[in-house]
Amino acid sequence: MRFRDVQGRDRALCVLYGLFAVVGFCVMGTMAVTFVIRNADAGFVGVIGNFLRDSTSNLASQFIYADLVLVWAAVGAYMIVEARRLGIRHVWAYIAGAPALAMIVTYGIFMFVRQLKIAAAYDEGERSADGVRPLAGQGIPAAAVDLDTERLG
């Protein structure tokens, strides 16, 4: 399913996730470029070394860095589970891209793609008497469908 075909709440969620990715890319990209420019005389390896040194230079930065790494691991596990449940390909790229681009960027893109998959699955389902379109039997387990039907009604 393409974004132009998505309607209603699914479209709103896609826009929200897309905004997170775009804003995150702009903010984090600006910060990364600024850091590289300020450390350009150190060379490529020196820039990475300076970044790692600066990001772990005191207890506060170590706390934030460790928390970010643990959140990255948890989000990576979630992304793998959701990718398998919904048939999202190349989940490794979203996980591996987080340190390079920023987790907000890759997670926002993943959530955008996830919402497109959910919208497509609902479009393929048949609407039941209560207005809920079931997903079970379309490659999505019934337990997963139960978790996502709250949004419909």
Side-chain angles (χ1 to χ4, degrees), residues 1-124 135 138-152:
M1 174 170 272
R2 297 193 189 282
F3 177 71
R4 67 176 171 258
D5 301 327
V6 178
Q7 302 289 323
R9 185 179 243 169
D10 292 317
R11 187 177 187 89
L13 285 172
C14 285
V15 168
L16 178 69
Y17 298 141
L19 283 174
F20 278 134
V22 169
V23 170
F25 180 79
C26 292
V27 169
M28 302 309 288
T30 300
M31 293 173 71
V33 167
T34 301
F35 186 85
V36 169
I37 289 171
R38 288 183 181 172
N39 290 275
D41 58 333
F44 179 74
V45 174
V47 169
I48 293 172
N50 289 347
F51 179 81
L52 292 173
R53 185 195 69 236
D54 289 353
S55 63
T56 58
S57 63
N58 61 51
L59 194 54
S61 62
Q62 290 171 6
F63 174 85
I64 292 171
Y65 200 74
D67 187 50
L68 183 61
V69 168
L70 293 172
V71 168
W72 178 44
V75 167
Y78 168 76
M79 290 164 79
I80 290 169
V81 169
E82 283 294 284
R84 287 184 178 166
R85 179 175 77 93
L86 298 170
I88 299 172
R89 299 175 58 201
H90 308 299
V91 69
W92 61 268
Y94 300 104
I95 297 167
L101 293 172
M103 188 169 14
I104 187 61
V105 176
T106 58
Y107 184 66
I109 294 169
F110 174 82
M111 291 300 289
F112 180 90
V113 171
R114 175 185 174 270
Q115 201 61 43
L116 288 178
K117 288 283 191 177
I118 289 171
Y122 276 110
D123 275 357
E124 292 172 8
L135 294 176
Q138 299 176 23
I140 299 176
V145 173
D146 293 339
L147 295 175
D148 202 38
T149 54
E150 289 178 16
R151 68 182 190 74
L152 292 176

J.: Roughly how far apart are Arg85 CZ and Ile118 CD1, rounded to 0.5 Å?
T.: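 Arg85 atom CZ to Ile118 atom CD1 measures 5.5 Å (nearest 0.5 Å).
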
J.: Please report the interatomic distance CZ(Phe25) to OG1(Thr30), rounded to the nearest 0.5 Å.
T.: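 Output value for this atom pair is 9.0 Å.
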
J.: Taking the side chain as everything from C-beta on, heavy atoms only, tell me whether Tyr65 gets closer than 4.5 Å to Leu52.
T.: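 Sidechains of Leu52 and Tyr65: in contact.
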
J.: Would you say CZ of Arg53 has more than 12 non-hydrogen atoms from neighbouring residues, nucleotides or ligands within 6.0 angstrom?
T.: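 Enclosed.
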
J.: Got Tyr17 and Leu13 here, is their nearest side-chain heavy-atom distance under 4.5 Å?
T.: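 Of all side-chain heavy-atom pairs linking Leu13 with Tyr17, at least one is under 4.5 Å.
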
J.: Heavy atoms, side chains only, cut-off 4.5 Å: are Met31 and Thr34 in contact?
T.: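 A side-chain contact under 4.5 Å is absent here.
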
J.: State, yes or no, whether a side-chain contact exists between Phe110 and Val75 at a heavy-atom distance under 4.5 Å.
T.: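 Of all side-chain heavy-atom pairs linking Val75 with Phe110, none is under 4.5 Å.
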
J.: Taking all atoms of both residues into account, what is the closest heavy-atom pair of Leu86 and Arg114, and its distance?
T.: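 So the two residues come closest at CD1-CG, 3.5 Å.
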
J.: I need the minimum non-hydrogen distance between Met28 and Ile104, along with the two atoms involved.
T.: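 Taking every non-hydrogen atom into account, CG-CG2, 4.3 Å.
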
J.: So, for Pro99 and Trp72, which heavy atoms are closest and what is the spacing to 0.1 Å?
T.: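 Minimum heavy-atom contact is CG-CZ2, 3.5 Å.
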
J.: Distance check, rounded to the nearest 0.5 Å: Asp67 atom CG versus Gln62 atom CD?
T.: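 Between atom CG of Asp67 and atom CD of Gln62 there are 13.5 Å.
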
J.: Please answer whether the main-chain N or O of Ile95 pairs with a side-chain N or O of Thr106 as donor and acceptor at a distance below 3.5 Å.
T.: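 Checking the backbone N and O of Ile95 against the side chain of Thr106, no donor-acceptor pair under 3.5 Å is found.
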
J.: Give a yes or no on whether the backbone of Ile80 and the side-chain of Trp92 come within a donor-acceptor separation of less than 3.5 Å.
T.: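 Looks like no, no N/O pair under 3.5 Å.
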
J.: Taking all atoms of both residues into account, what is the closest heavy-atom pair of Ala42 and Val47, and its distance?
T.: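 Closest approach of Ala42 to Val47, heavy atoms only: CB-N, 4.1 Å.
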
J.: Can you tell if the side chain of Met111 reaches within under 4.5 Å of the side chain of Phe20, non-hydrogen atoms only?
T.: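 Answer no - side chains too far apart.
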
J.: For a side-chain hydrogen bond (donor to acceptor under 3.5 Å, both in side chains) check, start with the C-alpha distance between Ser61 and Asn58, then their side-chain angles and the critical distance, and finish with the verdict.
T.: CA-CA 5 Å; Ser61 62; Asn58 61 51; 3.3 Å; yes

J.: Measuring only between side-chain heavy atoms, which start at C-beta, is Val36 closer than 4.5 Å to Phe51?
T.: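 Of all side-chain heavy-atom pairs linking Phe51 with Val36, none is under 4.5 Å.
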
J.: Quick check for you: to the nearest 0.5 Å, what is the distance between Thr56 atom OG1 and Ile64 atom CD1?
T.: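 If I round to the nearest 0.5 Å, the distance is 12.5 Å.
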
J.: Give me the atom names and distance for the closest heavy-atom approach of Phe112 to Cys14.
T.: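 Distance-wise, the nearest heavy atoms are CD1-O, 3.2 Å.
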
J.: Any idea which heavy atoms bring Asn50 and Phe35 closest together, and the distance?
T.: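 Answer, listing the atom of Asn50 first, then Phe35: C-CZ, 3.8 Å.
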
